[in-house]
Novice: 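Just dropping this structure here.
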Amino acid sequence: MTTTESPPATSVRPPSARKRGVKPWNQRLAPYLFVLPNMLVFGVFIIYPALNGFNISLYNSNNGRAFTPVGTKNYRRLFTDEEFWQAAGATVIFVVAFVAVCTAASIGLAMLLTKPIRARGFFRAVFFLPVLLSPVVVGLLWSWILERRSGALNAILGAVGLPEPGWLVSGPLALGATVFVGVWAHAGFYTLIMMAGLQAIDSSYYEAAHLDGAGAWHRFRHITWPLLRPTTLVVVILAMIAGFQSFDFIYTLSGGGPLGATTLMVQYIYEHAFQSPIQYGLAAAGSVVLFCTIFALTVLNFLYGRRKESM
Amino acid sequence: MLTYAALIALSVLVLAPVVWSVLASFKTRTELAARPPSLLPETFRLDNYTGALSEFDFGVYVTNSAIVTVGATVLTLAINAMAAYALAKYNFRGRNALFLVTLGTIMIPLQIILIPLHQVVAQLGMTNSLLGMIIPPAATPTGVFLLRQYMLTIPDELIEAARVDGAGELRIFLRLVLPLCRPALAVVTIFSVIWRWNDFLWPLVIAQSQDLYTLPVAIAQFNSQEVVPFNYILAMSVVSMIPVVIFLILQKHVVRGIAQTGLK
């Protein structure tokens with residue numbers, strides 16, 4: 001991000017300004033009035049709840065009412081809950097696979113889509129299309145296609161004499177399908193970012209390499225890959241955050257099943273917070289753990305990226 | 001040649017599910033249950049669309065989605081643009097802190113503050129109302145950031161000249177700055193419309209009664225409860241894709257806008 005600071009608004013002042021450094025009252029008050037509505041919404045609906053979330057995790061709630069302080073009991077319960085560990089494990093597998101495939105796919109697609117080819121605009125639009133669909137609909141589309149008996153995929157597999165597995169019936173296959181659908185829905189967005197990164201690479205590097213007789217692989221290995229690293233870092237961080245937040249398309253794809261195999265952290269939190277028996281404290285503790293994980297990993301990624309950069 | 005082969009194969013992978021479901025939305029229930037599934041419907045019938053409309057409150061869900069999308073987008077544009085203007089064009093105490101707060105909120109996704117946010121909204125009496133879906137997500141850090149970056153490119157001299165001419169602060173913002181920011185405002189509008197139209201988790205949490213369901217919430221809830229025939233859910237899903245088509249038409253405009261915003 002390039003945040004160029006604007007020169008102070010006081011640098012050019014009308015000659016009528018009475019004293020140096022003193023602006024008329026309306027110019028001093030105006031910025032505060034302008035930021036007020038947005039900051040009010042931020043404060044009431046993001047910052048206060050974020051701080052309060054930690055507080056709630058230290059209380060027990062009797063079906064959403066009558067809060068009593070319980071110290072770290074919710075955390076101890078969380079860490080001894082088998083369902084929590086299953087959700088945490090599934091989340092880790094999902095996020096690692098999702099980030100890896102999204103990053104690789106977006107680099108590959110971006111390289112294809114920045115070539116001077118016919119119908120480039122059309123292809124770019126096609127790969128951006130899934131990003132625009134409602135995640136709920138994305139999950140549904142794929143649940144229809146992956147359906148064991150009436151789904152299109154097994155109809156095709158059966159027609160060519162291949163086995164027709166129950167994609168959403170077995171745990172490992174369902175988690176794999178979830179990763180695939182997640183990548184299908186998100187890769188176009190990361191491709192857009194990668195395309196911007198690729199276009200920022202000076203073409204004279206490639207021309208020089210070409211004159212030196214470097215092959216396609218060498219050009220990728222020694223020019224594209226190192227120069228694309230800052231962009232890759234951005235994509236990895238964004239994909240990681242998106243991966244940890246995944247919920248809506250899984251809700252309609254597999255519903256978190258079979259037997260919780262595709263229930264990720266957000267669904268675990270949602271179920272404990274809004275489905276009876278309502279356990280706000282436990283769900284809030286889960287949220288705090290999720291936030292700390294995302295925060296720590298983002299910071300680590302940044303530090304790692306910085307270190308590489310300075311080498 | 002290899003490039004085209006790869007792109008065409010991948011395009012099929014991306015488009016096939018979408019095309020298949022759009023075609024399927026015109027099929028009868030018997031055709032939908034056929035094994036193996038057919039590609040094209042025998043005749044293009046609108047029965048699923050009219051059925052969803054007449055037998056279920058399909059129209060209500062579309063209307064709710066439209067109200068939430070339009071309301072939230074107008075609010076987002078108004079407050080984001082005002083905040084962005086202050087952060088870009090005024091030098092005031094606390095400006096850097098407020099800008100950092102804005103960027104920092106990107107790190108706090110809805111999923112993590114779901115419970116405490118729900119409590120705040122409940123205390124304000126906004127649960128089970130469209131207002132509760134519109135107001136809380138209206139302040140978007142991305143919107144403020146995009147608009148601020150764009151406003152930095154407006155010369156200060158222009159604003160000073162307007163001041164010399166005696167224009168008030170609000171008038172400068174409304175009459176001079178906003179019109180100049182049209183491309184950036186277009187980008188924020190389109191993002192906001194797509195986010196709000198497709199939003200699921202927050203409307204799901206807020207809508208307790210069925211008459212407040214937005215389209216994605218209705219689709220997901222009916223799908224999991226199986227109270228609505230599959231063919232109607234299919235029709236609703238296709239309707240939910242309409243804004244996407246509109247986006248693809250507006251695409252060039254958007255891409256140009258993004259390029260001018262400096263988000264590269």
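Labels below follow one simple rule: chain letters A, B, ... track the order of the sequence lines, proteins then strands, and each chain is numbered from 1.
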Novice: Can you name the nearest heavy-atom pair linking B:V18 to A:W184, along with the distance?
Specialist: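 Heavy atoms only, the tightest pair is CG2-CH2, 4.1 Å.
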
Novice: For B:Y85, is it the side chain, the backbone, both, or neither that has a heavy atom closer than 4.5 Å to a heavy atom of chain A?
Specialist: side chain

Novice: Using a 4.5 angstrom heavy-atom cutoff, name the option from B:I194, B:T140, B:V205, B:V144 with the most pairs to chain A.
Specialist: B:V205

Novice: Go through B:A6, B:S237, B:P17 and name the one with the most non-hydrogen pairs under 4.5 angstrom from chain A.
Specialist: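 Of the candidates given, the most pairs with chain A belong to B:P17.
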
Novice: Name the member of B:L114, B:T105, B:D199, B:I108 that forms the most heavy-atom pairs with chain A at distances under 4.5 Å.
Specialist: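 Winner by heavy-atom pair count: B:T105.
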
Novice: Let me know if A:V126 has heavy atoms under 4.5 Å from chain B in its side chain, its backbone, both or neither.
Specialist: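 When you check distances to chain B, atoms from both the backbone and side chain of A:V126 fall under 4.5 Å.
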
Novice: With a 4.5 angstrom heavy-atom cut-off, is it the side chain or the backbone of A:F247 that approaches chain B, or both, or neither?
Specialist: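 The side chain, not the backbone.
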
Novice: Let me know if A:R28 has heavy atoms under 4.5 Å from chain B in its side chain, its backbone, both or neither.
Specialist: neither

Novice: Could you tell me whether the side chain of B:Y4 reaches within less than 4.5 Å of the side chain of A:K115, counting heavy atoms only?
Specialist: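 No - every pair of side-chain heavy atoms lies 4.5 Å or more apart.
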
Novice: For each of B:S240, B:G168, B:P109, B:A24, tally heavy-atom pairs with chain A at distances under 4.5 Å, and name the one with the top tally.
Specialist: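 Among B:S240, B:G168, B:P109, B:A24, the one with the most close pairs to chain A is B:P109.
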
Novice: Quick check on the interface: out of B:H118, B:M151, B:M236, B:M241, who has the most heavy-atom pairs with chain A under 4.5 Å?
Specialist: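 Option with the greatest count: B:H118.
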
Novice: Hey, are the side chains of B:L204 and A:F274 touching, using non-hydrogen atoms and a 4.5 Å cut-off?
Specialist: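 Counting from C-beta outward, B:L204 and A:F274 never come under 4.5 Å.
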
Novice: Where does A:I193 contact chain B at under 4.5 Å (heavy atoms): side chain, backbone, both or neither?
Specialist: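 Neither part; nothing is under 4.5 Å.
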
Novice: Report which part of B:L75 has an atom under 4.5 Å of a heavy atom belonging to chain A: side chain, backbone, both, or neither.
Specialist: neither

Novice: Please state whether the side chain, the backbone, both or neither of A:F180 comes within less than 4.5 Å of a heavy atom of chain B.
Specialist: side chain

Novice: Would you say B:N198 and A:L133 make side-chain contact, with heavy atoms under 4.5 Å?
Specialist: no

Novice: Can you tell me which portion of A:I156 sits under 4.5 Å from chain B's heavy atoms? Options are side chain, backbone, both or neither.
Specialist: neither

Novice: Which bit of A:I56 is near chain B, if near means a heavy-atom gap under 4.5 Å: side chain, backbone, both or neither?
Specialist: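 Side chain only.
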
Novice: Counting only non-hydrogen atoms closer than 4.5 Å, does A:L140 touch chain B with its backbone (N, CA, C, O), its side chain (CB onward), both, or neither?
Specialist: side chain

Novice: Of the backbone (N, CA, C, O) and the side chain (C-beta and beyond), which part of A:Y32 lies under 4.5 Å from a heavy atom of chain B, both, or neither?
Specialist: side chain

Novice: Would a 4.5 Å heavy-atom cut-off, applied to side chains only, mark A:V136 and B:L215 as touching?
Specialist: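 The answer is no, as the side chains (C-beta and beyond) never meet within the 4.5 Å cut-off.
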
Novice: With a 4.5 Å heavy-atom cut-off, do B:I113 and A:S287 have their side chains touching?
Specialist: no

Novice: Mind checking what makes side chain to side chain donor-acceptor pair (under 3.5 Å) contact with A:N55, not counting sequence neighbours?
Specialist: A:N52

Novice: Report yes if some heavy atom in the side chain of B:V121 is under 4.5 Å from a heavy atom in the side chain of A:F45; otherwise report no.
Specialist: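 Side-chain contact under 4.5 Å: yes.
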
Novice: Sort A:T298 into side chain, backbone, both or neither according to what part of it lies under 4.5 angstrom from a heavy atom of chain B.
Specialist: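 The answer is the side chain of A:T298.
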
Novice: Which answer fits A:V35, side chain, backbone, both or neither, if we ask what part of it has an atom under 4.5 Å from a heavy atom of chain B?
Specialist: both

Novice: For chain A, find which of B:P216, B:P116, B:P137, B:A81 contributes the most heavy-atom pairs closer than 4.5 angstrom.
Specialist: B:P116

Novice: Who passes side chain to side chain donor-acceptor pair (under 3.5 Å) against B:Q111, sequence neighbours left out?
Specialist: none

Novice: Just do the side chain to side chain contact (heavy atoms under 4.5 Å, CB included) check on B:L7 and A:F127 with the steps written out, would you?
Specialist: CA-CA 10 Å; B:L7 281 177; A:F127 292 110; 3.7 Å; yes

Novice: Between A:Y251 and chain B, which part of the residue has a heavy atom less than 4.5 Å away: side chain, backbone, both or neither?
Specialist: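 For A:Y251, the contact with chain B is made by the side chain alone.
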
Novice: So, do B:S21 and A:W144 sit near enough that their side-chain heavy atoms are less than 4.5 Å apart?
Specialist: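 With C-beta onward as the side chain, the pair touches.
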
Novice: What do the steps show when you test B:L124 against A:V44 for side chain to side chain contact (heavy atoms under 4.5 Å, CB included), and what is the final call?
Specialist: CA-CA 10 Å; B:L124 294 173; A:V44 174; 4.3 Å; yes

Novice: Need one label for A:L29: side chain, backbone, both or neither, based on atoms under 4.5 Å from any heavy atom in chain B.
Specialist: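 Neither; nothing under 4.5 Å.
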
Novice: Would you mind checking which part of A:L113 comes under 4.5 Å of any heavy atom in chain B, side chain (CB onward), backbone (N, CA, C, O), both or neither?
Specialist: side chain

Novice: Evaluate the side-chain proximity of A:F123 to B:S11: yes if any heavy-atom separation is below 4.5 Å, no if none is.
Specialist: yes

